[in-house]
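Notes follow the structure.
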Number of protein chains: 2
Amino acid sequence: MDIERRLQEAGIKPTAQRLTICRYVLEEANHPTADDVKSWMDQNFPKVSLATVYNTLNLLVEHGIVQELRLPHDGRVVFDMNTGPHHHFLDEDTGELVDLDPSQLKVEHRLGSEFDIRQVQAVLIGRKKKR
Amino acid sequence: MDIERRLQEAGIKPTAQRLTICRYVLEEANHPTADDVKSWMDQNFPKVSLATVYNTLNLLVEHGIVQELRLPHDGRVVFDMNTGPHHHFLDEDTGELVDLDPSQLKVEHRLGSEFDIRQVQAVLIGRKKKR
DNA sequence: ATGATTGCAAATGATTTGCATCATA
DNA sequence: TATGATGCAAATCATTTGCAATCAT
């Protein structure tokens, strides 16, 4: 799909650096950190500043184009192009992060009606056997 | 229960500062951050250093006496005296964090047998209506 | 030229580390 | 007195901010 249009529809001016960041985050990367984005940019768009990387990622989050995720094992934020409701599996050996859609994982709660639940985030942590 | 004994059984020398930190974290506090512990200590044990607070909390985590938790809305670590399997509700207005035991929240997954799941962490985010 | 965007460097916040001092077995 | 614990300050890591230079409209 057309990234330029997506940005424009969100009211974000599609500058060269923003488009390049989006190409990576939306089409190529898998749950990158800001630092992953910066490293990739260093090789594909010389001279972007780290500030621009953060500014752009935060813009994308504010406009719902990506989601930010904080995982239990690491204080850093990772960015997820999948903005629908879903959960995650984290491989504790490799750090690999796999999206789990709601059909693969269900969360059921019995909280009283005074709890107004807006969001559910589950993380399964373990190992994926190579076979 | 006897905190001094608990530390000794874990092989941790029960110094005055450690005992005082434990009294707060294990008996009084509710999901405190390192900074919460430091503030409380400032009023109950003048002159503890922040380093000692962190060292002690990390010791407690290493010995399984408390659990560390990283929540989605905030990069800081919070410490949980409840070390059994349980989940959390986070009030997005107040920041209040409530433990949910497994009878209140169930996570079911249909992942292939190549996934060896060791840990499940669910966070429900929303509001608790005051009534 | 006007306002938005960028890059740089300095600031911030959380946590860790190095090291000299201190307490206690 | 030897080992380990503490306090302090400096270091580190992730992220944010201020501001001047630059770009696009």
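Proteins come first, then strands; the chains are lettered A, B, ... in the order of their sequence lines, and each starts at number 1. Computed over heavy atoms, backbone and side chain alike; hydrogens, waters and symmetry mates excluded.
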Expressed as a whole number of angstroms, how long is the span from B/E62:CD to C/dT15:P? 15 Å

Any ion pair linking A/K128 and A/D91 (charged N to carboxylate O, less than 4.0 Å)? no

What pairs meet the side-chain hydrogen bond (donor to acceptor under 3.5 Å, both in side chains) rule with one or both residues in residues 39-48 of chain A, with sequence neighbours excluded? A/E28-A/W40, A/K38-A/D42

Rounded interatomic separation in angstrom, taking NZ from B/K38 and P from C/dT15: 14 Å

Tell me whether B/V77 shares a hydrophobic cluster with B/L69, the cluster being built from Ile, Leu, Val, Met, Phe, Trp, Tyr side chains joined at under 4.5 Å. no

Atom CG of A/L19 and atom P of D/dA24 are separated, to the nearest Å, by 12 Å

Are A/R110 and A/E108 close enough for a salt bridge, meaning some N to O gap below 4.0 Å? no

With side-chain contact (heavy atoms from CB on, under 4.5 Å) as the criterion, how do A/H31 and A/D80 come out once you've worked through the C-alpha distance, each side chain's angles and the decisive distance to 0.1 Å? CA-CA 5 Å; A/H31 302 101; A/D80 194 340; 3.3 Å; yes

Encode nucleotides 5-21 of chain D as B, S and - characters from 5' to 3', where the letter depends on protein heavy atoms closer than 4.0 Å: B to the base, S only to sugar-phosphate, - to neither. SSBB-----SBBB----

